[in-house]
Amino acid sequence: MKSVIIKDKEFELFLTQDVIEKAIDEIAERLDKDLAGKDPLFICVLNGSFIYASELMKRVSIPCEVSFVKMSSYKGTTSTGKLKEIYGLEEDIRGRTVVIVEDIVDTGYTMSLMLEQLTCDAPKEIFVTTLLLKPDALQHQVQLDYVAMEIPSDFIVGYGLDYDGYGRNLPDIYKLKNS
Ligand code: IMP
Ligand code: MG
């Protein structure tokens, strides 16, 4: 499919599954090499990372644990500053090597909060992998260790990423037309 319509918007083909998965192969190889013997715990951030997480974890061959969390998001105004919190983490991460698995880092806000919150639980070390990074959109300083692909600041859907809840099941990545 060269383009798709989701709700009121048209998206055009941007990254095909085979291109994406070649980039994932490389990340998995690096993780296997770097984290061998560290018994890592992969913490995948739902919903967006579900396809990246499954493709990545099929390729990682060292012994590891895989877990899933969500970030709550509160719409509307707040004056507290803390807008999102991790929930669903059942493992004790104290003293562990942790790898956060994200779909995309845009401004870096979400990842900066995740790192801040997980650091409070005293892991031995934290690494971050993201399928996609929009370097020009970054506004927060975040540690990014394993970035599969850098992309321009266009809005994209597919491969786990959504537009208003839809499009996550597209096997390729599409970008908003005329953006
Ligand atoms: P950040 O906090 O600005 O870095 O944004 C991170 C979150 O925004 C991601 O986990 C996604 O859920 C969402 N997001 C950012 N860019 C896109 C996009 O292009 N398409 C779909 N979701 C996006
Ligand atoms: Mg995400």
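Start at 1 and go down the list; that is how both ligands and their atoms are numbered.
- Within ligand 1, the atoms closer than 4.0 Å to a non-hydrogen atom of Asp162 are 21 (C), numbered from 1 in the order shown.
- Atom 12 (O) of ligand 1 has its nearest heavy-atom neighbour, among Asp103, Asn47, Asp106, in Asp103.
- A salt bridge links Glu65 with Arg96: the distance from a Lys NZ or Arg NE/NH1/NH2 to an Asp or Glu carboxylate oxygen falls below 4.0 Å.
- Per-atom contact check: atom 22 (N) of ligand 1 touches the protein, criterion being a heavy-atom distance below 4.0 Å.
- The number of heavy-atom neighbours closer than 6.0 Å to CD of Glu26, taken from other residues, nucleotides and ligands shown, is 12 or below.
- Glu91 places no side-chain N or O within donor-acceptor distance of the main-chain N or O of Leu41, the cut-off being under 3.5 Å.
- Nearest protein neighbour of atom 7 (C) of ligand 1, counting heavy atoms only, is Thr110 OG1, 4.1 Å.
- With values rounded to the nearest 0.5 angstrom, Met149 atom CE is found 11.5 Å from Lys22 atom NZ.
- The backbone N or O of Lys134 lies less than 3.5 Å from no partner atom in the side chain of Ser153, so there is not a single donor-acceptor pair.
- Between Gly108 and ligand 1, at least one N/O pair is under 3.5 Å apart.
- By the 4.0 Å heavy-atom criterion, Met71 is excluded from the residues contacting ligand 1.
- Side-chain atoms of Tyr174 come within 3.5 Å of backbone N or O of Met1 as a donor-acceptor pair.
- When OD1 of Asp103 and OE1 of Glu102 are joined through the Mg ion (ligand 2), the resulting angle is 70° to the nearest 10°.
- Remark: side-chain polar atoms of Asp32 are paired, donor with acceptor, to backbone N or O of Ser61 under 3.5 angstrom.
- With respect to atom 1 (P) of ligand 1, the closest heavy atom belonging to the protein is Thr107 OG1, 3.3 Å.
- Remark: among candidates Leu176, Leu161, Ile156, the nearest residue to atom 20 (N) of ligand 1 is Ile156, based on non-hydrogen atoms.
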Go through Phe50 and Arg168 one step at a time and tell me if the side-chain contact (heavy atoms from CB on, under 4.5 Å) criterion holds.
CA-CA 9 Å; Phe50 80 103; Arg168 293 192 196 276; 4.0 Å; yes
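- Counting heavy atoms under 4.0 Å from ligand 1, residue Met111 does not touch it at all.
- Nearest protein heavy-atom neighbour of atom 14 (N) of ligand 1: Ile104 CG2, 3.8 Å.
- Against a heavy-atom cut-off of under 4.0 Å, Glu102 is close to the following atoms of ligand 1: 10 (O).
- Among all non-hydrogen protein atoms, the one lying nearest atom 19 (O) of ligand 1 is Lys134 NZ, 2.8 Å.
- Of the possible polar contacts, one joining the Gln143 side chain to the Ile126 backbone as a donor-acceptor pair under 3.5 Å is found.
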